[in-house]
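In this text the structure is predicted, and so the values were computed from the model without any measurement.
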2 protein chains.
Amino acid sequence: MRRFATIKDIASALNISVSTVSRALRDTYDVNASTRQAVLQKATELNYRPNFNAIGLVHNRTHNLGILLPEITNYYFSTLFTGIQDVAYKAGFNLTLFVTGNDAEREVDIVRNLSLSGLDGLLVSVSSQADSDQHFQEVIDNGVPVVFFDRVSENIHTSKVMQDDYNGAFEATVHLIKNGYRKIAHIAGPEGLTFTQARLNGYLDALRKHKLPVEPSWIVHSGFTQQHGEQDLEQLWVCGERPDAIFAVNDRKAIGAILALKRKNIRIGKDVGVIGFTNDPVSAIVSPALSTIAEPAFEIGKRSCELLLKHIQKKRFEPEQVTLPGKLIVRESSQRL
Amino acid sequence: MRRFATIKDIASALNISVSTVSRALRDTYDVNASTRQAVLQKATELNYRPNFNAIGLVHNRTHNLGILLPEITNYYFSTLFTGIQDVAYKAGFNLTLFVTGNDAEREVDIVRNLSLSGLDGLLVSVSSQADSDQHFQEVIDNGVPVVFFDRVSENIHTSKVMQDDYNGAFEATVHLIKNGYRKIAHIAGPEGLTFTQARLNGYLDALRKHKLPVEPSWIVHSGFTQQHGEQDLEQLWVCGERPDAIFAVNDRKAIGAILALKRKNIRIGKDVGVIGFTNDPVSAIVSPALSTIAEPAFEIGKRSCELLLKHIQKKRFEPEQVTLPGKLIVRESSQRL
DNA sequence: TAAATCACCGAGAACGTTACCGAAAAAACA
DNA sequence: TGTTTTTTCGGTAACGTTCTCGGTGATTTA
């Protein structure tokens with residue numbers, strides 16, 4: 001059985017009490033400089049590492065944050081994580097990452113079996129809102145601070161940080177309109193999600209404001225992958241009148257659409273305009289390059305973590321809601337040229 | 001101060017001892033069915049959650065695995081993580097993720113300050129081998145199982161799992177040769193890394209086997225990003241004779257090279273062949289599509305975690321080394337047509 | 001010189017859980 | 001009926017750490 005050097009080992013080696021060692025190691029009050037020096041030296045000599053379980057036990061603090069993500073294999077979530085870790089690391093917090101794979105059941109399972117005592121707080125982007133948010137409410141009721149980001153949960157009262165989905169979608173759609181497209185379709189996300197709804201609304205309002213027709217068959221919902229984008233486009237192409245532009249809920253779906261269009265020998269931009277959402281690096285690589293709304297993923301991660309840390313430090317902290325603006329990036333796919 | 005219901009709360013509510021509650025909760029020996037039922041009911045009623053700190057303290061087991069990664073914002077590492085989590089989740093282990101950002105200093109800092117007592121094992125892909133591996137040796141000396149993957153550390157005796165870098169590189173180079181390219185350059189990774197060396201050797205041996213010249217100025221080392229790929233290509237293009245094909249150490253650099261070549265109006269495939277390594281999804285999206293060696297990222301993650309779990313379970317477990325084969329994926333960028 | 005202050009240290013309880021051992025009650029055996 | 005076994009439970013130490021409290025000497029103050 002492995003066993004680390006403990007505070008007791010140091011104490012007995014130096015013939016002093018554990019209390020003194022404890023104080024010396026933490027450099028607090030009431031300890032002579034020379035004894036402190038001796039303790040420190042002995043500690044490195046024995047390769048002492050503090051036992052976080054023990055510390056967590058007495059303080060009811062673990063310096064561990066949980067992160068719940070639908071997926072990690074994409075640009076948005078992975079840079080978001082990097083943002084989170086950026087502030088967590090500086091504050092001395094570790095991150096335990098849970099990936100649900102967009103599986104709502106798994107999400108519930110994970111949250112229900114969470115070792116709440118092992119976590120000082122929870123950062124979450126929900127997998128799906130289809131069913132209830134009960135499992136999150138339970139966590140909050142247990143006194144564990146929760147911050148939602150990106151895919152937030154409507155009916156739960158806590159801090160949330162997200163990009164401005166509505167205005168981003170509005171701007172993207174207006175951009176297409178200004179570039180002469182009139183029959184604009186929307187390749188959307190799963191229906192249950194709030195941000196799917198927000199982007200849909202931005203799209204709709206932009207059409208209405210410019211007195212363009214809203215054609216229900218030009219709005220198709222499905223998942224977030226490139227394959228979903230391809231399928232959505234096929235569906236758009238079989239039934240009724242075809243659109244002359246596509247606003248996709250994210251870049252991956254937009255690229256799926258571009259690929260499908262290219263297979264049909266339809267010229268992107270000239271025949272059909274395409275715009276995405278996210279500014280995934282791949283949008284600059286695909287040909288023609290994809291116009292998009294850049295999301296501040298890293299910043300969202302940072303802000304979420306900062307907010308969570310605040311929640312943890314203050315006992316009573318009023319939930320905040322922050323919305324970060326996106327930015328229109330014009331490339332080739334949305335221009336007739 | 002937040003406080004969860006404990007085993008004591010259940011005990012006093014039921015007027016029984018904590019030992020009995022403990023046994024009932026864990027469904028072990030020596031507990032009557034009816035009292036067990038009562039305990040279970042009370043537990044859900046009080047929303048009891050076990051305190052992992054306490055359990056970790058007595059068992060010296062946390063069911064926490066540490067993962068040390070150079071970065072997470074790319075396809076390879078993020079799917080690798082998914083593979084790890086796939087087996088960890090089933091085995092009831094949580095994952096604490098540390099991302100170094102390819103910063104060797106930060107790696108040392110993280111490892112040195114690791115709460116070893118909070119981790120049952122460590123999965124690592126090193127950030128750089130430039131300096132020493134001493135910090136990892138310390139961890140192992142403390143009795144914490146470590147498994148290396150992808151970017152392994154040579155001088156440390158422990159389990160390692162990686163793809164077959166040498167043969168992959170060999171195969172990629174031979175593929176270019178067979179397609180008629182003769183002046184093949186290599187855009188390599190940072191020099192310190194073992195797998196950089198392995199891929200370089202595969203490349204060199206393929207050249208030698210086919211009696212092609214090895215031109216030192218056609219081998220350029222740098223980092224792993226797309227930008228590095230672009231820079232490397234520029235460097236290749238300024239000095240002396242220009243190559244007619246490029247084998248890149250990974251897809252991102254290959255794509256950088258492709259982009260730079262396109263800016264020069266050089267036709268990919270026809271004028272200059274390009275092949276990468278990884279099979280990042282973007283390699284199918286870029287135009288022309290990038291030939292590459294597919295790496296079994298997910299599988300590597302799974303195998304690493306399985307191996308680590310074995311190490312943790314058995315007290316004495318002989319280090320294993322597993323090498324997974326890659327697979328040549330032929331697309332457009334490596335064909336003259 | 002007596003009293004008050006100060007610097008430093010130790011004892012012991014506490015955090016939530018498990019493990020070991022012993023005890024009481026119930027059941028089985030003789 | 002007495003004895004042994006089985007079933008079920010409780011007491012207690014232990015895990016590594018922090019924290020509160022009190023207690024030495026030594027030093028300063030009056």
**Q.** Whether over 12 other heavy atoms sit under 6.0 Å from Arg49(B) CZ
**A.** yes
Between [X] and [N], is there a contact of a side-chain N or O with OP1 or OP2 at under 4.0 Å?
X: Asn32(B); N: dT8(D); value: yes
X: Ser17(A); N: dG10(C); value: yes
X: Ser22(B); N: dT17(C); value: no

Q | Closest-nucleotide 5' rank along DNA chain C - winner of Val18(A) and Arg36(A) | A | Arg36(A)
Of the candidate nucleotides [options], which contains the atom at the shortest distance from the side chain of [X]?
X: His59(A); options: dA19(C), dC9(D), dT18(D); result: dT18(D)
X: Val31(A); options: dC9(C), dG11(D), dC19(D); result: dC9(C)
X: Thr35(B); options: dG16(D), dC9(C), dC9(D); result: dC9(D)
X: Asn51(A); options: dT17(D), dT17(C), dC9(C); result: dT17(D)
X: Ser19(B); options: dA11(C), dA19(C), dC15(D); result: dA19(C)
X: Val58(A); options: dC9(D), dG16(D), dT18(C); result: dG16(D)
X: Thr6(A); options: dC15(D), dA19(C), dG16(D); result: dG16(D)

Q. Got Arg112(B) and Gln134(B) here, is their nearest side-chain heavy-atom distance under 4.5 Å?
A. yes
Q) Can you find a side-chain donor-acceptor pair between Ser78(A) and Ser78(B) that sits under 3.5 Å? A) no
Q: Classify the ring geometry between Phe136(A) and Phe148(A) as parallel (under 30°), tilted (30 to 60°) or perpendicular (over 60°).
A: perpendicular
